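What follows is a set of notes on a single structure, which appears directly below.
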Amino acid sequence: MSARERDVVVIGAGQAGLATAYYLRRAKLDFVLLDAETGPGGAWRHGWESLRLFSPTRWSSLPGFLMTGGPDYYPSRDEFLAYLTEYESRYALPIERPVRVSAVCNVGERLAVETDYGTWLARAVISATGTLGAPYVPHIPGLDTFRGEQLHSAEYTSPLPFAGQRVLVVGGGNSGAQIFADLLDLADVTWVTRYEPTFLPDDVDGRVLFEWATERFLAAREGRDPSSIPSGGLGDIVLVAPVRAARDRGMIVSTRMFECLTPTGVVWPDGREEGVDAIIWCTGFGTALDHLRPLGIVAADNRIAMTGTRSIDEPRLWLVGYGEWTGFASATIVGVGRSARATAEEVAAVLG
Ligand code: FAD
């Protein structure tokens, strides 16, 4: 087998790729991970400096290796990055980076994985590229005319560049709440949301959300009514320490959406124009599947028809970690293990 031929190529070495690799290694498969980043951590490398996970250590751990810190400890971004770095070396995962995959193509018996560093051939491909590559910004009149700074939450790192500026943080989810709280002491910041944001109770965190989701999943699978089990959608805001502190100071206030942008600011629903220096869009992500388009299996809604984590129309392709449509809770740290394991077991069975 040549250096560029593997039984399995995993695209992406964020948490989903690493968890999958853990099980591929256990199955003794021949594989490589190709990752576009310059170092470990996937999307977490792009989190803001003060970011704290809303899931305590046990719910922030990948298969086989429990994070340290105790059951009630919420890791920081840097601690989680250090954990992922250690995970890679602990299991000696074969990761090539920075390597960006541009296309996966059907070339007969194999799939060709084309990259900026040449082509790999594989009998099976597992895509675990996450959502960071598809930041979503809503189409609002005047968006292109605004001459101030605009950035997506995926690009936000620190409040310091915004000191003294008039800033709007747009988006009523966890990122919006946390970035708003991060800016409060340094900038003249307003939190803009389409609806009044929903906050979870103080004692509900990632662990409780995951337990509720698991109960609903099991109830649905066993034919019981899941509606009696609390939900708390992923859009509901977890009161992580900085958001809770801002709430306790009475600072968490939100304003409804502006009507349009102007070259220098925004127009509010009452017709008032206001100058703004910067807008931070905390409006979520789509799914970055462009590298899979040459296979002709990405539908108009940017989804791929799946059974479990396996593509129906290209059965040599699996997808791990994108969200519920590729596996229950697969876009969470603790949840991705289940999809990763099922995928590796299926790939091992198919490759024999
Ligand atoms: P990623 O981390 O995005 O990894 C994908 C990797 O693939 C990246 O390294 C990327 O560079 C690479 N890649 C992409 N395209 C290509 C390509 N074409 N070629 C090669 N490589 C490519 N979950 C929790 O469980 N607990 C939390 O507390 C929590 N907090 C969160 C806070 C925020 C602000 C956000 C946004 C999410 C949070 N999540 C949390 C959700 C989830 O854990 C993350 O979204 C997670 O990073 C997804 O991991 P992933 O491996 O699927 O994707």
Side-chain angles (χ1 to χ4, degrees), residues 6 8-26 29-69 73-102 113 115-118 120 122 125-135 152-158 175 206 285 288 291 318-322 326 330-337 339-341 343-344:
R6 293 285 186 282
V8 189
V9 168
V10 181
I11 310 172
Q15 64 197 37
L18 298 189
T20 306
Y22 170 86
Y23 288 112
L24 292 175
R25 169 134 288 179
R26 275 216 330 201
L29 286 169
D30 164 57
F31 67 97
V32 67
L33 294 98
L34 308 178
D35 188 49
E37 297 292 327
T38 52
W44 296 100
R45 296 169 63 79
H46 302 276
W48 51 95
E49 286 163 11
S50 66
L51 176 63
R52 260 190 193 271
L53 276 65
F54 57 72
S55 43
T57 48
R58 201 184 124 201
W59 285 262
S60 297
S61 296
L62 294 177
F65 181 31
L66 188 64
M67 210 181 170
T68 55
Y73 185 69
Y74 297 84
S76 68
R77 177 200 70 168
D78 289 347
E79 286 166 332
F80 192 57
L81 280 173
Y83 167 81
L84 292 175
T85 306
E86 199 179 339
Y87 195 89
E88 289 186 2
S89 53
R90 184 184 177 100
Y91 296 110
L93 299 178
I95 301 172
E96 301 279 351
R97 60 163 68 101
V99 176
R100 179 167 288 282
V101 174
S102 51
V113 181
T115 81
D116 53 2
Y117 196 67
W120 269 260
V125 169
I126 302 171
S127 187
T129 51
T131 56
L132 193 73
H152 191 270
S153 61
E155 301 160 301
Y156 175 82
T157 53
S158 150
S175 300
F285 298 87
H291 59 295
W318 283 259
L319 274 76
V320 178
Y322 294 90
T326 59
S330 65
T332 66
I333 303 160
V334 71
V336 76
S339 296
R341 180 180 192 151
T343 301

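Remember, predicted model here, so these are calculated numbers, not experimental data. Side chains included, hydrogens not; waters and symmetry mates left out as well; all remaining heavy atoms used.
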| query | Who passes salt bridge (charged side-chain N to carboxylate O under 4.0 Å, His left out) against Arg45, sequence neighbours left out? | reply |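 Partners of Arg45 by the salt bridge (charged side-chain N to carboxylate O under 4.0 Å, His left out) criterion, ordered by chain and then number, come out as Glu37.
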Subject >> Results of salt bridge (charged side-chain N to carboxylate O under 4.0 Å, His left out) for Arg341 - residues two or more places apart only >> reply: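 Arg341 satisfies salt bridge (charged side-chain N to carboxylate O under 4.0 Å, His left out) with Glu345 only.
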* **Which residues share a side chain to side chain donor-acceptor pair (under 3.5 Å) with Tyr73, sequence neighbours left out** =>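 Scan of Tyr73 (side chain to side chain donor-acceptor pair (under 3.5 Å), adjacent residues dropped) gives Glu79.
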So which heavy atom on [X] is nearest to which on [Y], and how close?
{"X": "Thr57", "Y": "Thr68", "result": "CG2-O, 3.1 Å"}
{"X": "Tyr23", "Y": "Ala344", "result": "CB-CB, 3.4 Å"}
{"X": "Val336", "Y": "Gly321", "result": "CG2-CA, 4.1 Å"}
{"X": "Ser339", "Y": "Thr326", "result": "OG-O, 3.8 Å"}

Determine yes or no for a side-chain-to-main-chain donor-acceptor pair under 3.5 angstrom, with [X] supplying the side chain and [Y] the backbone.
{"X": "Ser60", "Y": "Ser55", "value": "yes"}
{"X": "Tyr322", "Y": "Thr129", "value": "yes"}
{"X": "Ser61", "Y": "Met67", "value": "yes"}
{"X": "Asp35", "Y": "Arg97", "value": "no"}
{"X": "Ser89", "Y": "Ala92", "value": "no"}

Note to self: Heavy-atom count check: over 12 atoms from other residues, nucleotides or ligands less than 6.0 Å from Arg52 CZ?
What the structure shows: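 Check passes, neighbour count above 12.
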Do other residues, nucleotides or ligands put more than 12 heavy atoms under 6.0 Å from Tyr117 OH?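 Atom OH in Tyr117 is not packed in, count stays at 12 or less.
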Distance check, rounded to the nearest 0.5 Å: [X] atom [atom1] versus [Y] atom [atom2]?
{"X": "Thr343", "Y": "Leu319", "atom1": "OG1", "atom2": "CG", "result": "9.0 Å"}
{"X": "Trp48", "Y": "Ser175", "atom1": "CH2", "atom2": "OG", "result": "4.0 Å"}
{"X": "Leu18", "Y": "Ile333", "atom1": "CG", "atom2": "CD1", "result": "11.5 Å"}
{"X": "Leu132", "Y": "His46", "atom1": "CG", "atom2": "NE2", "result": "5.5 Å"}
{"X": "Thr85", "Y": "Trp44", "atom1": "OG1", "atom2": "CH2", "result": "13.5 Å"}
{"X": "Thr115", "Y": "His291", "atom1": "OG1", "atom2": "NE2", "result": "12.5 Å"}

Practice item. Look at the aromatic rings of Tyr91 and Tyr22 and report parallel, tilted or perpendicular, splitting at 30° and 60°. Key: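 Tyr91 vs Tyr22 ring planes: perpendicular.
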Which class fits the ring pair Tyr87 and Tyr83: parallel under 30°, tilted 30 to 60°, perpendicular over 60°?
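Judged by the thresholds at 30° and 60°, the geometry between Tyr87 and Tyr83 is tilted.
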Given salt bridge (Lys or Arg N to Asp or Glu O under 4.0 Å), test Glu96 with Arg6 step by step and report yes or no. CA-CA 13 Å; Glu96 301 279 351; Arg6 293 285 186 282; 5.2 Å; no
